[in-house]
Enquirer: 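One structure, as structure tokens, below. Some questions next.
Chain identifiers are assigned alphabetically (A, B, ...) following the order of the sequence lines, protein sequences preceding nucleic acid strands; residue numbering begins at 1 within each chain. Bear in mind the structure is a predicted one, so any value in this text is a computation, not a measurement. What you see below is based on every heavy atom in this structure, not just the backbone, and it leaves out hydrogens, waters and symmetry mates.
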Protein chains: 2
Amino acid sequence: MPRERKSARTRERILAAAAQVLSRKGWAGTRLVDIAEVAAVQAPAVYYYWPSREDLLAEVVTTGQQATLEHVVASLAALPADASALDRIDGAIAAHLEVVLRRSEFSLAAIRNAAQLPDDIRECQLVGQREYADVWRGLVEDAVAAGELTADVDTRAARMLVLGALNWAPEWWNPDRGSLEDVVATTQHVVRRGLTPH
Amino acid sequence: MPRERKSARTRERILAAAAQVLSRKGWAGTRLVDIAEVAAVQAPAVYYYWPSREDLLAEVVTTGQQATLEHVVASLAALPADASALDRIDGAIAAHLEVVLRRSEFSLAAIRNAAQLPDDIRECQLVGQREYADVWRGLVEDAVAAGELTADVDTRAARMLVLGALNWAPEWWNPDRGSLEDVVATTQHVVRRGLTPH
DNA sequence: AGCGTGTTCTAATCCATATTAGAAGAACGA
DNA sequence: TCGTTCTTCTAATATGGATTAGAACACGCT
């Protein structure tokens with residue numbers, strides 16, 4: 001294995017380990033030693049790749065945000081061009097749940113720690129968050145414009161309620177108790193009914 | 001002010017300060033110095049009332065859980081005896097949002113830190129959580145039994161989606177952008193539609 | 001006033017953990 | 001094989017923050 005490639009893999013291993021620990025222990029509780037143990041290196045190895053613990057953790061968070069955004073956007077792009085606005089919302093629900101429940105501890109780390117980031121990092125995190133919110137805002141606006149969604153509720157609140165339900169899923173979903181597909185289907189079902197007129 | 005009373009007030013002040021800091025900084029990031037500053041005492045004063053930082057924080061969490069449970073149960077008890085199952089769910093939604101958004105930083109601290117508690121504390125936290133979950137399970141079961149709720153979805157998943165939406169509300173709701181009453185109404189509206197047959 | 005008890009403070013202590021210094025190891029090219 | 005460079009390690013260092021010790025303070029009682 002060429003040098004450059006091995007080095008890159010170590011970096012990825014540390015980053016992934018950091019995501020795992022961060023998602024479980026919280027920002028302040030994430031120790032370099034724990035990350036190092038998971039990544040099978042010694043703690044100071046981290047400093048070869050990042051200037052500080054904080055930079056490493058910040059990268060985990062932004063990576064998590066990007067992973068979510070990109071997966072959702074990609075899933076939407078993969079839908080047939082004639083998908084209805086509600087179908088697109090279904091697609092976004094599925095993609096969000098997939099990334100948060102299966103694909104990425106990064107997303108989970110970003111979600112769970114959003115409220116406890118240091119101020120400077122919190123700020124640039126808010127930028128990414130706004131970007132992602134815009135995607136959902138667009139989805140909902142399209143649905144309203146298409147008349148596929150009830151106009152009788154505060155769309156911002158409705159949107160955030162849905163995102164909350166999705167972001168909370170990792171706290172209770174357990175692969176042993178039910179398949180991801182089932183959760184996705186149930187969520188789509190409930191949300192679709194919740195947002196459409198009777 | 002009698003001695004006993006003053007002492008009790010200091011204790012409450014420290015506990016409340018701990019809740020505030022804990023809800024913002026996370027379990028590991030909550031420093032005694034910060035708690036002390038908010039409570040307007042010096043850090044070692046904490047040890048007069050609690051044997052350790054961990055005991056203090058644990059009390060915050062259990063207090064938060066109890067506050068939520070009690071407020072919801074009390075609100076349900078205050079409903080007219082002939083309230084429908086769906087009305088009772090509406091009541092629980094309102095009560096949960098009230099406690100989480102307005103009444104108690106304790107609840108918020110408990111919610112936000114659930115995933116990062118040390119193992120021993122996590123365990124007794126799970127007990128309280130199960131107790132609260134039972135209340136909601138009861139509400140949903142009653143609604144299903146009364147035929148007021150669609151039988152075509154996984155009730156556990158539906159229940160957790162709703163609770164997720166509620167627990168996430170503190171992350172986005174801001175009293176300046178809309179009244180609590182509005183959020184409650186929207187939530188009730190969306191959830192009711194989401195759970196009832198078209 | 002003076003004593004005793006309950007409460008809070010100031011000044012250590014002590015440990016955990018981020019970070020730095022510099023050596024060892026491993027890959028690559030000559 | 002040897003030297004160079006990139007990567008990782010071991011062994012300090014340094015700091016922050018929980019905890020402890022014991023002094024000061026405050027209240028209530030006689």
Enquirer: Rounded off to whole Å, could you give me the CD-to-C1' distance for the Gln42(A) and dC9(D) pair?
Expert: 7 Å
Enquirer: Pairs under 3.5 angstrom only: tabulate donor-acceptor contacts from the side chains of residues 72-80 of chain B to other protein residues two or more places apart or in another chain.
Expert:
{"unit_1": "Ser75(B)", "atom_1": "OG", "unit_2": "His71(B)", "atom_2": "O", "d": "2.8"}

Enquirer: All N/O contacts under 3.5 Å from nucleotides 13-15 of chain C to the protein, with atom names and distances to one decimal?
Expert:
none

Enquirer: dG6(C) C1' sits how many Å from Lys6(B) NZ, rounded?
Expert: 10 Å
Enquirer: Could you work out, with side-chain contact (heavy atoms from CB on, under 4.5 Å) as the rule, every residue matching Ala67(A), not counting sequence neighbours?
Expert: Ser104(A), Ser107(A)
Enquirer: Under the side-chain hydrogen bond (donor to acceptor under 3.5 Å, both in side chains) test, which residues partner Ser7(B), sequence neighbours left out?
Expert: Tyr49(B)
Enquirer: Without decimals, in angstroms, what is the distance between Arg9(A) CZ and dC6(D) C1'?
Expert: 18 Å
Enquirer: What is the distance, to the nearest angstrom, from the CZ atom on Arg11(A) to the C1' atom on dT8(D)?
Expert: 16 Å
Enquirer: Restricting to side-chain hydrogen bond (donor to acceptor under 3.5 Å, both in side chains), what partner residues turn up for Glu148(B), sequence neighbours left out?
Expert: none
Enquirer: Does one side chain, of Arg193(A) or Thr196(B), offer a donor that lies under 3.5 Å from an acceptor on the other?
Expert: no
Enquirer: dT8(C) P sits how many Å from Arg13(B) CZ, rounded?
Expert: 8 Å
Enquirer: For dG6(C), does either OP1 or OP2 sit under 4.0 Å from a side-chain N or O belonging to Ser7(B)?
Expert: no
Enquirer: So, using side-chain contact (heavy atoms from CB on, under 4.5 Å) as the criterion, who are the partners of Thr155(B) when residues are at least two apart?
Expert: Val140(B), Val144(B)
Enquirer: Nearest of dT8(C), dT10(C), dT8(D) to any side-chain atom of Tyr48(B)?
Expert: dT8(C)
Enquirer: Does any pair with a residue in residues 37-65 of chain A pass salt bridge (Lys or Arg N to Asp or Glu O under 4.0 Å), and if so which ones, sequence neighbours excluded?
Expert: Arg11(A)-Glu59(A)
Enquirer: Counting primed atoms plus P, OP1 and OP2 as sugar-phosphate and everything else as base, spell out the protein contacts along nucleotides 17-24 of chain D at 4.0 Å heavy-atom distance: B, S or - for each nucleotide, 5' to 3'.
Expert: SSBB----
Enquirer: Look at the side-chain N and O atoms of Thr10(B) and state whether any lies under 4.0 Å from the OP1 or OP2 oxygen of dT7(C).
Expert: no
Enquirer: May I have all residue pairs that pass ring pair (Phe, Tyr, Trp, His ring centres under 6.0 Å) and include part of residues 78-100 of chain B, sequence neighbours excluded?
Expert: His96(B)-Tyr132(B)
Enquirer: For Asp134(B), is there an ion pair with Arg137(B) - N to carboxylate O distance below 4.0 angstrom?
Expert: yes
